[in-house]
Amino acid sequence: MSNPLFQVRDLLRRRGMATSAQLAAELRLPSGVVDDMLAHWGRRGMVAEVGASASGHCASGGSRGCSSCGQCAAASTPATLYHWRDPDSRTGSPVTTLRLIPV
């Protein structure tokens with residue numbers, strides 16, 4: 001069995017955007033484990049939360065029933081979507097670019 005950290009990473013990369021519940025169901029992992037993995041990737045700057053705004057509109061463009069996740073219509077409040085971020089778009093990336101200086 002592969003590491004849940006990388007299972008969540010790989011699935012979210014493929015899907016681009018998903019809820020924690022969707023990831024947990026597809027990977028057959030407890031929701032708490034998926035939440036912990038998303039928090040880890042969030043601290044690394046690789047995952048961004050795409051939550052509902054105060055107007056109740058999902059950040060993916062829908063209005064309490066967006067077709068991208070199907071979770072908003074079933075819940076009293078819209079589900080939080082998680083988006084895998086392109087490494088080039090991150091600010092404060094932990095990756096450092098090294099510059100070689102001729103000796």
Side-chain angles (χ1 to χ4, degrees):
M1 183 178 208
S2 63
N3 185 324
L5 181 65
F6 300 115
Q7 288 179 305
V8 169
R9 176 200 65 188
D10 295 343
L11 181 56
L12 195 53
R13 275 181 174 169
R14 282 195 309 275
R15 292 187 69 159
M17 190 179 302
T19 66
S20 175
Q22 288 174 319
L23 296 170
E26 191 163 335
L27 295 171
R28 296 182 182 168
L29 291 171
S31 59
V33 170
V34 172
D35 291 340
D36 289 345
M37 302 304 105
L38 289 168
H40 168 82
W41 290 118
R43 287 188 301 273
R44 300 279 313 259
M46 299 304 293
V47 169
E49 285 188 20
V50 183
S53 69
S55 66
H57 285 75
C58 179
S60 65
S63 174
R64 285 206 192 269
C66 59
S67 60
S68 64
C69 74
Q71 300 261 339
C72 296
S76 59
T77 59
T80 299
L81 292 169
Y82 294 89
H83 170 70
W84 188 262
R85 299 178 75 180
D86 178 5
D88 295 334
S89 68
R90 291 182 290 148
T91 56
S93 169
V95 177
T96 304
T97 304
L98 297 175
R99 185 173 44 138
L100 298 175
I101 301 172
V103 181

Problem set entry | Side-chain touch Arg15/Trp84, heavy atoms, less than 4.5 angstrom | no
For this session: Please list all pairs passing the ring-ring contact (aromatic ring centres under 6.0 Å, His included) test where one or both residues lie in residues 4-28, with sequence neighbours left out.
Result: none
Problem set entry | Interatomic distance, Arg9 atom CZ to Arg44 atom CZ [nearest 0.5 angstrom] | 10.5 Å
Exercise. Shortest non-hydrogen contact from Gln7 to Ser2?
Worked result: CG-OG, 3.1 Å
For this session: Can you see which heavy atom on Val47 is nearest to which on Arg85, and at what distance?
Result: C-CD, 4.0 Å
For this session: Could you tell me which non-hydrogen atom of Leu12 sits nearest to which non-hydrogen atom of Ala18, and how far apart they are?
Result: CD1-N, 3.8 Å
Problem set entry | Point-to-point distance, once rounded to the nearest 0.5 Å, from CD of Gln22 to CE of Met17 | 10.5 Å
Tell me which donor-acceptor pairs under 3.5 Å the side chains of residues 30-40 have, and how far apart each pair is, sequence neighbours excluded?
from, atom 1, to, atom 2, distance (Å)
Asp35, OD1, Ser20, OG, 2.4

